[in-house]
Amino acid sequence: MALFTLDDVKFNSRNKEVIRGISLEIEEGTVNGLVGKSGCGKSTLLKLMAGILVPSGGRVLYKGTDIQLMNNTRNKEFRRECAFVFQDSALWANQDIQQNLNLPLQTHNPKMPLNERLQKIHEVCELVKYEKPMNLRPVDLSMGEQKKIAFARALINNPSTLFLDECTESLDRKGGAIIVDLIKNFIESGKTVVYVSHSTSFITAISGRLHVIDEGLLSE
């Protein structure tokens, strides 16, 4: 059984067909890139696969279960197992960095003691080489630093799947290399990655199977 199965998935936005009927299987432990020109629908498809957007037609299945039909318990498990790094980082503007990283721990590990949560936060910040104070808010950080925190947040609950939407955008070469190395380690541990990227160097480094999206359809 495939980890993710997209069955004739469609998505409309403002009366426009963004995804026009895509069927695709993603196997567990594989690396998959969604590529294509700007506006072709690849980021939308990534969000549909992650359950962030609801299809206008068709189904997205995770381990054989339609994401939209999951009960609350199974949906929470799905959200813990699959983490998403947004192109714009999507950090909570009214929360400081520690609070942004603590939130997913509180959500998925409510019984974890505070000292253990703080230790996890410290560990993921070390991984992404974030060295600024934890009481800063996202507005106090550069776009590259925000992207590091967004990646740290994605890793903090030890997910089995990473969805990455232009995850090295706004990072300098050094910052991008840190994130690429972390992704490679994630892949080497047998986990699943689905990414969107325009960066030739990122695609070359991460590799995997490439799925070309063209005007809302999967290109042959």
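Residue numbers run from 1 in the order of the sequence given.
The minimum heavy-atom distance linking Ile183 with Leu164 is given by the pair CD1-CD1, 3.6 Å.
With hydrogens and angles disregarded, no donor-acceptor distance shorter than 3.5 Å links the side chain of Asn157 to the backbone of Pro159. The closest donor-acceptor contact from the side chain of Asp214 to the backbone of Leu217 lies at 3.5 Å or more, if one exists at all. Side chain of Lys76 to backbone of His108: no donor-acceptor contact under 3.5 angstrom is found. The main-chain N or O of Pro138 is found under 3.5 Å from a side-chain atom of Gln146 such that the two form a donor-acceptor pair. Side chain of Glu166 to backbone of His198: a donor-acceptor contact under 3.5 angstrom is found.
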Throw together a table of side-chain donor-acceptor distances under 3.5 angstrom for residues 15-23, partners on residues two or more places apart or in other chains.
unit_1	atom_1	unit_2	atom_2	d
Arg20	NH1	Glu215	O	3.0
Ser23	OG	Asp8	N	2.9

Check residues 52-65 and write down every donor-acceptor pair under 3.5 Å in which the side-chain atom is one partner and the other belongs to a residue at least two apart or another chain.
unit_1	atom_1	unit_2	atom_2	d
Ser56	OG	Asn12	N	2.8
Arg59	NH2	Asp7	OD2	3.4
Tyr62	OH	Glu81	OE1	2.6

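Annotation: Asn72, atom CG; neighbour count of heavy atoms from other residues, nucleotides and ligands within 6.0 Å does not exceed 12.
Under the 4.5 Å side-chain contact rule for hydrophobic residues, Met134 and Leu136 share a cluster. In the hydrophobic clustering of this structure, Met143 does not group with Leu101; members are Ile, Leu, Val, Met, Phe, Trp, Tyr whose side-chain heavy atoms approach within less than 4.5 Å, directly or through other members. Phe151 and Ile187 fall within a single hydrophobic cluster, where Ile, Leu, Val, Met, Phe, Trp and Tyr are joined by side-chain heavy atoms under 4.5 Å apart, directly or via other members.
In the model, Ser199 has a side-chain atom that pairs as donor or acceptor with a side-chain atom of Ser201 under 3.5 Å. With 3.5 Å as the limit, one finds a donor-acceptor pair spanning the side chains of Lys191 and Asn158.
Residues that satisfy the ring pair (Phe, Tyr, Trp, His ring centres under 6.0 Å) test with Phe11, not counting sequence neighbours, are absent from this structure.
With respect to the salt-bridge test (charged N to carboxylate O, under 4.0 angstrom), the residues Arg74 and Glu77 qualify.
At a threshold of 4.5 Å between non-hydrogen side-chain atoms, the residues Thr30 and Arg209 do not count as touching. Contact annotation: the side chain of Leu127 never approaches that of Glu123 to less than 4.5 Å [non-hydrogen atoms, C-beta and beyond]. For the pair Asn32 and His211, the minimum side-chain heavy-atom distance is below 4.5 Å.
Distance check, rounded to the nearest 0.5 Å: CG of Leu141 to CD1 of Ile97 gives 4.5 Å.
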